[in-house]
Structure formats: C-alpha cells, structure tokens
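Just so it is clear, the model here is predicted, and its values are computed rather than measured. In each ligand, atom 1 is the first atom listed, and ligand 1 is the first ligand listed.
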Amino acid sequence: MRLLPGFLSVERQRTLLAEVRAVVARAPLYSPAMPRSGSPYSVRMSNCGSHGWLSDRSGYRYSETHPVTGALWPGIPSPILELWNETTGVAYAPEACLINCYGPTARLGLHRDQDEAAKDAPILSISLGDTALFRLGGPERKSPTRSFRLGSGDLMILEGPSRHWFHGVDRILPGTSQLLPEGGRINLTLRRVTIP
Ligand code: MD6
Ligand code: FE
C-alpha cells in the first residue's frame, strides 16, 4: 500500500471537486443495494469512465450504463486521469472511476475489490472532504487490521499484495474539512477493469 498524505493542494482539490460535480450532474448519485438482501448501502454512488461499478440484488458487476438513467457514464475528467498517470507508474489507462459519497453517518463494510478482470492492476483512491477512519486488513477477512485517517487531498494506492487486502471505512469524522459546503466525504477509486 502506498499512502500519499496531502498530495493534492486545496486548489487541486477544488478542481477535482468541480469535475466530480459536473459528472454527478449527468450521472446522479444513486443508492446501491446489497446482493441478495437488497438492503441499501449508507454510501451513495455514481461512476465515470467506460465501466461503472454497480451493486444490486443480483450481485456486483461493471456496466457501461447508469442503473437509473440508462445513459452511458460520462468520461473520466482529465485532471483525474492525470493523477493516475502521475502516481501509479503503469502505462495503461484506468477504465472506471467509482464515486462514493458519504454523509455524516455513512460507512462501508470490510470488502475486497475483486470484480476486475485486471485483478493485479493498481487502484488509486482520492479522498475529498471530511476525514475518514479507514481500515486496512490483509488477505483474509480474519487477518489483523489497522486503521488510519484519510483526509481531504490524501491519495492511497493499493498495489502488489495490498491490491487484494480487505478494507473498509469505519466512519467519517464530521466537520473535519471545509471543502464540501454541505459536509461529508467523496472518495474516488480509479480502476483498470479489462486486461491491458
Ligand atoms: C473509500 N475505498 O475510501 C472506500 N477500494 O471510501 C475503497 O473501497 C477502496 O480506497 C479499493 C482501493 C482503494 C480504496
Ligand atoms: Fe474498495
């Protein structure tokens, strides 16, 4: 795992936020449902890129289209693509950018990201807004975990073995950032889906 705390200047965070707002204007945040149970996540989601990650009663998958509007996802904005090129060290482009939006009480359970055919490609995480208490474990659900804060402008790259480690968001710390006037946290995860 590679943590790049404070990688983004406030100016760069604002640029990314404006790009995310423009994406969400075309591809609105929706409330995904858990496989089988259909219970809703506390996190709202959207995507940009040729592939968008979805969760619903029938399972997890990548789709070219928004589950509510049926429209193709907007492209990944160039300031976001540039961050991938600056930090990951891989020559291929990302295909999916999952947008996770947290209110003050939202959380994300321990999981692994395993729906990508490009299973060893790095995942770049970009945090904006309120600080998250992030938990990173190991290769098995029962592996020991440690938790640390992800604040606005921090980047994290899961690569190598850590690409397959369990992780989640225990909670967010309301009022820790001024970036989002409405409060809360936005996390972007950039992924390669198909084998490069
Ligand atoms: C989040 N992040 O920070 C959730 N997944 O809101 C993730 O689930 C995640 O940060 C894969 C790689 C990096 C991540
Ligand atoms: Fe994840």
Which ligand 1 atoms does [X] reach within 4.0 Å, using its non-hydrogen atoms?
| X | answer |
| --- | --- |
| Ser125 | 10 (O), 13 (C), 14 (C) |
| His111 | 8 (O) |
| Tyr102 | 1 (C), 4 (C), 6 (O) |
| Arg185 | 1 (C), 3 (O), 6 (O) |
| Phe134 | 2 (N), 3 (O), 10 (O) |
| His167 | 5 (N), 7 (C), 8 (O), 9 (C), 11 (C) |
| Leu108 | 4 (C), 8 (O) |

Please work out whether the ring planes of [X] and [Y] are parallel, tilted or perpendicular, with thresholds of 30° and 60°.
| X | Y | answer |
| --- | --- | --- |
| His66 | Tyr30 | perpendicular |
| Tyr62 | His51 | perpendicular |
| His111 | His167 | perpendicular |

Looking only at side chains, do [X] and [Y] share a donor and an acceptor under 3.5 Å apart?
| X | Y | value |
| --- | --- | --- |
| Trp53 | Asp115 | yes |
| Arg141 | Ser143 | no |
| Glu159 | Thr88 | no |

### Message
Which atom name does Asp113 have for its N/O/S atom nearest to the Fe ion (ligand 2)?
### Response
OD1

### Query
Any idea which part of Val43 is under 4.0 Å from ligand 1, heavy-atom wise: side chain, backbone, both or neither?
neither

#### Entry: Arg44/Ser31 under side-chain hydrogen bond (donor to acceptor under 3.5 Å, both in side chains): CA gap, chis, key distance, verdict
CA-CA 5 Å; Arg44 291 181 305 150; Ser31 293; 5.6 Å; no

### Query
Looking at atom 11 (C) of ligand 1, what's its closest protein heavy atom, distance included?
Asp113 OD1, 3.2 Å

## Note on the structure
The protein heavy atom nearest to atom 2 (N) of ligand 1 is Asn187 OD1, 3.7 Å

### Task
Could you say whether the N/O atoms of Thr189 and ligand 1 ever approach to under 3.5 Å?
no

### Message
So that I can tick it off, tell me whether Asp113 and Arg191 are bridged by a salt bridge, with the cut-off set at under 4.0 angstrom between side-chain N and carboxylate O.
### Response
yes

